[in-house]
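A quick write-up on the structure given underneath.
Because the structure is predicted, anything quoted here is derived from the model rather than measured.
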Amino acid sequence: MLSYRHAFHAGNHADVLKHLIQIELLNYLGQKAKPYWYIDTHAGAGAYSLVEGYATKNAEFESGIARLWRREDLPEAVANYAEVVRSLNADGELKLYPGSPWCAAEVMPASDKLRLFELHPTDHQLLADTFADAGRRVQIQQANGFEAIKAILPPPPRRALVLIDPPYEDKRDYQHVITALKESLKRFATGVYAVWYPCLQRAEMKELPKEMKKLGAKNWLRAELHVQKPSSDGFGMHGSGMFILNAPWTLPQTLREVLPYLAQHLAQDAGASYVLETGGDL
C-alpha cells in the first residue's frame, strides 16, 4: 500500500498529540548521560510544506498546530513541542511542519543516533534530502519498518524509543503492529515503544489497544484525543491515540495536564474529549 502520503495531514490534531508525546519521551530519555537511539518504522518525508502541495488541499493544520503555536498559555509539554515547530519557522510564519524524524533530531543530543525506515519511494527520497547533511548520525533505509527493525533490535546502547506509526490504510496494519511489538519485546524488552493509531468506528481499531495491553510490558499508557463526536454514518477519524509500552513514570501526570487543554483548544464540536489509562507499574 504505497498510496498514503502524510503530507495531506501534516500538522493536524493527530500530529499534535503524536509529536508532543514523542518529544516528551525523547526528553525523558535524554535526561540521563547515556546514549540512546530513535527508531522510526514509518518515517515519512521528515518535514512538510504547509503553503504548497498536499497540505493545502484540506489545510488540516489550521485546526491543529495553527491554533496552538503562538499561544502564551501552553502547558509545558505543549510549549516544548510548539518550540520545535517555531524553530523550523524562524520568520514567524507557519510555512513548514516538522515530521517525527525532524522532531527527534531537533531535541536529541547531537551524539545520539536516528534509524529511519520509509517504504514509499518519493517520501524516502524526500527524507534522504531532508537529512542529507546529517552524516552518520542519521541512517535511512527504504524498507518496511515492521520487518526492518528486527535487524537493529536490541540497539547497541540498549536504550531506545521506537515509534510505530503506520497509515492503517491496509487493515492488516493493525495485526502487523501487534506482531512487530511481540517480536520487538522479545529482542528488546526494555525499549520504549510508542504506537500511534486513528480513532475510527472500526472493529480492528477498537481491538488494537486491548491487544497491546496484553503484550507483557512492564507498564502501558493509552492516551486518546477526540476532537469531535463520531460521525453518524460511521466514517471518518474523530480523533487519534498514542499507546506507550514501558512509559516513563512522569508521563501520566504530564498528560493529565495536557489532554484537557488539547480537548478544549482543538475541539471541532461539542463531542471533543480525551482518554487516559495506565496499567502495570505506572
Side-chain angles (χ1 to χ4, degrees), residues 1 4 6 9 12-26 28-29 37-44 99-101 103-104 115-119 144-150 152-153 155 160-200 202-226 237 239-248 251-252 254-255 258-259 274-280 282:
M1 297 291 287
Y4 178 85
H6 186 72
H9 313 291
N12 71 356
H13 60 87
D15 269 358
V16 172
L17 180 69
K18 175 174 61 180
H19 292 141
L20 78 84
I21 291 179
Q22 174 201 8
I23 290 167
E24 282 299 296
L25 295 171
L26 291 169
Y28 181 85
L29 287 170
W37 281 15
Y38 170 71
I39 301 167
D40 197 325
T41 63
H42 297 75
S100 303
C103 291
R115 299 294 180 261
L116 311 176
F117 301 97
E118 176 53 50
L119 186 59
N144 179 341
F146 286 131
E147 293 293 327
I149 59 173
K150 296 177 183 178
I152 60 172
L153 295 181
L161 169 63
V162 181
L163 178 64
I164 300 177
D165 176 25
Y168 298 98
E169 279 196 328
D170 185 340
K171 290 183 180 181
R172 293 174 295 179
D173 278 351
Y174 294 92
Q175 186 55 51
H176 291 158
V177 167
I178 298 300
T179 300
L181 287 171
K182 286 180 178 178
E183 295 177 349
S184 296
L185 286 166
K186 290 178 182 177
R187 290 175 166 82
F188 182 38
T190 58
V192 179
Y193 298 88
V195 178
W196 178 88
Y197 57 92
C199 291
L200 304 164
R202 179 184 290 178
E204 298 92 343
M205 181 267 132
K206 294 177 181 178
E207 289 298 314
L208 183 62
K210 297 178 184 178
E211 293 299 313
M212 289 191 285
K213 292 175 184 180
K214 302 175 184 177
L215 290 174
K218 69 175 183 178
N219 68 48
W220 55 264
L221 181 148
R222 174 192 178 199
E224 292 182 2
L225 173 65
H226 305 160
M237 186 175 80
S240 68
M242 286 286 280
F243 199 99
I244 318 300
L245 298 175
N246 299 329
L251 190 58
T254 296
L255 293 179
V258 164
L259 288 172
Y274 65 91
V275 174
L276 181 60
E277 293 183 325
T278 60
L282 276 182

Any chance you could measure [X], atom [atom1], to [Y], atom [atom2], to the nearest 0.5 Å?
X	Y	atom1	atom2	value
K18	Y197	NZ	OH	13.5 Å
L215	N246	CG	CG	10.5 Å
R172	F146	CZ	CZ	11.0 Å
Q175	L208	CD	CG	9.5 Å
M205	M237	CE	CE	11.0 Å
D173	E204	CG	CD	11.0 Å

Of all the heavy-atom pairs spanning [X] and [Y], show the shortest one and how long it is.
X	Y	answer
L29	A160	CD1-C, 4.1 Å
E118	A43	OE1-N, 3.4 Å
S100	H19	OG-NE2, 2.9 Å
A104	L26	CA-CD1, 3.6 Å
P248	L25	CD-CD2, 3.4 Å

* Asked: Can any side-chain N or O of D40 pair as donor or acceptor with the backbone N or O of L116 at less than 3.5 Å?
  -> no

* **Which residues share a side chain to side chain donor-acceptor pair (under 3.5 Å) with H42, sequence neighbours left out** => none

* Listed partners of T190 passing side chain to side chain donor-acceptor pair (under 3.5 Å), at least two apart -> none

Taking C-beta and beyond as the side chain, do [X] and [Y] meet within less than 4.5 Å on heavy atoms?
X	Y	result
F117	I152	yes
L153	I39	yes
T278	N219	no
V258	I21	no
L255	L221	yes
C199	H226	yes
V162	S184	no
L259	L17	yes

* Among side-chain atoms of Y38 and Q22, is any donor-acceptor pair under 3.5 angstrom? -> yes

* **Y274 atom OH: more than 12 heavy-atom contacts under 6.0 Å** => no

* Structure fact -> salt bridge (Lys or Arg N to Asp or Glu O under 4.0 Å) filter on K150, not counting sequence neighbours, yields E147, E183

* Asked: Of L20, L163, D165, L225, which meets side chain to side chain contact (heavy atoms under 4.5 Å, CB included) against M242?
  -> L163

* To do: Take the angle between the ring planes of F188 and Y193 and call it parallel below 30°, perpendicular above 60°, tilted in between.
  => perpendicular

